[in-house]
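Encoded as structure tokens, the structure appears first; notes follow it.
Treat the numbers as computed from the prediction; the structure is a model and nothing was measured. Keep in mind that the numbers below use all heavy atoms, side chains included, and drop hydrogens, waters and symmetry copies. All ligand and atom numbering here is 1-based and tracks the order in the structure.
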Amino acid sequence: MRKWLLALAATALGSVSLAQGKLEIFSWWAGDEGPALQALLDLYKKKYPNVEVVNATVTGGSGVNARAVLKTRMLGGDPPDSFQVHAGQELIGTWVVAGRMEDLTSLYKSEGWLTRFPKGLIDLLSYNGGIWSVPVNIHRSNVMWYNPAKLREWGVTPPKTWTEFLSTCATLKGKGVEAPLAVGEAWTQQHLWESVALGVLGPDNWAALWSGKLKFNDPKAIAVWDTFGKVLDCTNKDASGLSWQQATDRVVQGQSAFNIMGDWAAGYMVTTLKLKPGEGFGWAPAPSTSGTFMMLSDSFGLPRGVKNRANVINWLKLLGSKEGQDTFNPLKGSIAARTDSDLSKYNAYLQSAARDWKNNKIVGSLVHGAVAPESFSSQFGTVMEIYLSSKNSRAAANAAQAIADQVRLGR
Ligand code: GAL
């Protein structure tokens, strides 16, 4: 009784809520990827102390395992209260077209978000007159990470183009560096591919691939695979056994010179490894992609028929708020999706990412759900396997086009 009265008094004072029950948040931010989410959940817990927060994670970088578990749950009528999903086609082409999500337009209006998030981002979250999730961040895919002290020791600088990269690779190999570029398990190879493709094609032709205007078997797109093959010759042979963090470790520990990975790698290096941006690690746009920001955004939505709807609304309000975004993102290695974040809370890498986000040309990521539906991206692994086993650019390109036709990409 006393506890209840105290809670009521606190609510009257506006500090503590009476919200009760559970809130299950589903994501792939486990282990090393956990601290940013945990900080946000802690903030939620502070505001809604009587809600039991269940942090349901499925390990596996870029959601390789989580998406399969999510599918089983959604189709089995047991949706998590809210789940991580990439803005763009991963959200729209999978769960929105299937009628599984609630429209959040009224929440956007009541929270004033229509003018707080960039228009292009809201467009990515919109379909059929509705807005279908709330973005918590902006990540960049096309970043090349390096270890400044090791580059000085080897006497090389970060290459600006893929051609320059290949000659730097030869120089490094001459100095005994076996694998100048560190890469990890399958999805990280696809991640490397999208930076090579952006560099070889340029932003307009990259976008044309996804709108269906440029065919995958156009000579320009076939050429991507030719360059990709040469870049792969600079990578480690044990890639398939490494997580993205272990590939990053190869650079940090000085075994490899470079790694192409999204800027969650900055989150890992700063939050987990405690390195200082610019000293412990350096960064540059992936070769030949300077001036272009390949974006992706993690978002959360409200599935239809969840058990704890009111708690989810409070969760979405928090992750869309300035306080929520500025708590989460400095730890995550991403910048806020909101345009009014407090940049003084962000490190030197993130401040530079925020500048590029404002001034660069923006394109979307394939591997992280922005430009293609899962019906395409989940089959892209097969295209990659065809290339890796045959080293035949045309065969891989034809396979990609066959899938694009099958899923009616861009139509
Ligand atoms: C991405 C996701 C990031 C990060 C990364 C590595 O797909 O958007 O937030 O978690 O995977 O797992």
Side-chain angles (χ1 to χ4, degrees), residues 25-41 55-70 82-91 93-94 121 124-125 133-143 145 182-195 242-249 259-273 293-301 319 324-325 327-337 349-350 353 357 363-374 377-378 380-381:
I25 301 299
F26 182 94
S27 78
W28 59 85
W29 290 329
D32 287 331
E33 287 215 77
L37 174 63
Q38 194 53 53
L40 200 56
L41 295 178
N55 184 5
T57 56
V58 177
T59 322
S62 91
V64 280
N65 306 319
R67 269 191 290 274
V69 174
L70 178 67
S82 189
F83 61 85
Q84 176 186 5
V85 61
H86 288 124
Q89 282 301 314
E90 185 177 310
L91 164 76
T94 313
L121 182 58
L124 261 189
L125 303 164
S133 68
V134 180
V136 67
N137 66 3
I138 300 292
H139 266 307
R140 185 175 192 175
S141 165
N142 60 321
V143 194
W145 308 98
V183 72
E185 59 184 309
W187 74 265
T188 73
Q189 298 164 26
Q190 297 172 33
H191 188 105
L192 171 63
W193 183 88
E194 72 180 13
S195 268
L242 302 187
S243 65
W244 67 264
Q245 290 97 328
Q246 288 171 316
T248 306
D249 290 343
N259 172 234
I260 306 275
M261 188 37 64
D263 46 13
W264 42 92
Y268 171 62
M269 288 187 278
V270 172
T271 307
T272 306
L273 302 183
F293 189 116
M294 184 182 271
M295 64 79 64
L296 58 120
S297 170
D298 294 302
S299 75
F300 286 79
L319 68 82
Q325 303 225 331
T327 299
F328 177 86
N329 287 301
L331 295 167
K332 182 64 171 70
S334 39
I335 53 173
Y349 165 72
L350 290 169
W357 171 242
V363 296
S365 158
L366 161 66
V367 182
H368 308 281
V371 290
E374 266 184 72
S377 56
S378 62
F380 192 71

Any atoms of ligand 1 less than 4.0 Å from a non-hydrogen atom of His368? List them with their elements.
-> 1 (C), 7 (O)

Determine, using ring centers only, whether Trp28 and His368 are less than 6.0 Å apart.
-> no

Lys332 heavy atoms, cut-off 4.0 Å: which ligand 1 atoms fall inside?
-> 3 (C), 4 (C), 9 (O), 10 (O)

Could you tell me whether Trp187 and ligand 1 have an N or O pair separated by under 3.5 Å?
-> no

Side-chain contact, heavy-atom cut-off 4.5 Å: Ile335 with Asn329?
-> no

Per-atom contacts, ligand 1 versus His86 - under 4.0 Å to a heavy atom = 1 (C), 2 (C), 7 (O), 8 (O)

Counterpart residues, salt bridge (Lys or Arg N to Asp or Glu O under 4.0 Å), relative to Glu194 (two or more places apart) = none

Listed by chain and number, what are the salt bridge (Lys or Arg N to Asp or Glu O under 4.0 Å) partners of Glu33, not counting sequence neighbours?
-> Lys332

Which of parallel (below 30°), tilted (30 to 60°) and perpendicular (above 60°) describes Trp187 and Trp264?
-> tilted

Taking atom 10 (O) of ligand 1 as the reference point, the nearest protein heavy atom with its distance = Glu33 OE1, 2.7 Å

Under 4.0 Å to a heavy atom of Gly61 - the qualifying atoms of ligand 1, by number = 12 (O)

Would you call the rings of Trp29 and Phe328 parallel, tilted or perpendicular, where under 30° means parallel and over 60° means perpendicular?
-> tilted

For ligand 1, which atoms have a heavy atom of Leu296 less than 4.0 angstrom away?
-> 8 (O)

Going by the atom numbers of ligand 1, which of them fall below 4.0 Å from some non-hydrogen atom of His139?
-> 3 (C), 9 (O)

Give the atoms of ligand 1, by number and element, whose distance to some non-hydrogen atom of Trp244 is under 4.0 Å.
-> 6 (C), 12 (O)

Ignoring hydrogens and angles, state whether a donor on the side chain of Ser299 or Ser133 is under 3.5 Å from an acceptor on the partner side chain.
-> yes

Give yes or no for whether the N/O distance cutoff of 3.5 Å, strictly under, is met between Ser62 and ligand 1.
-> yes

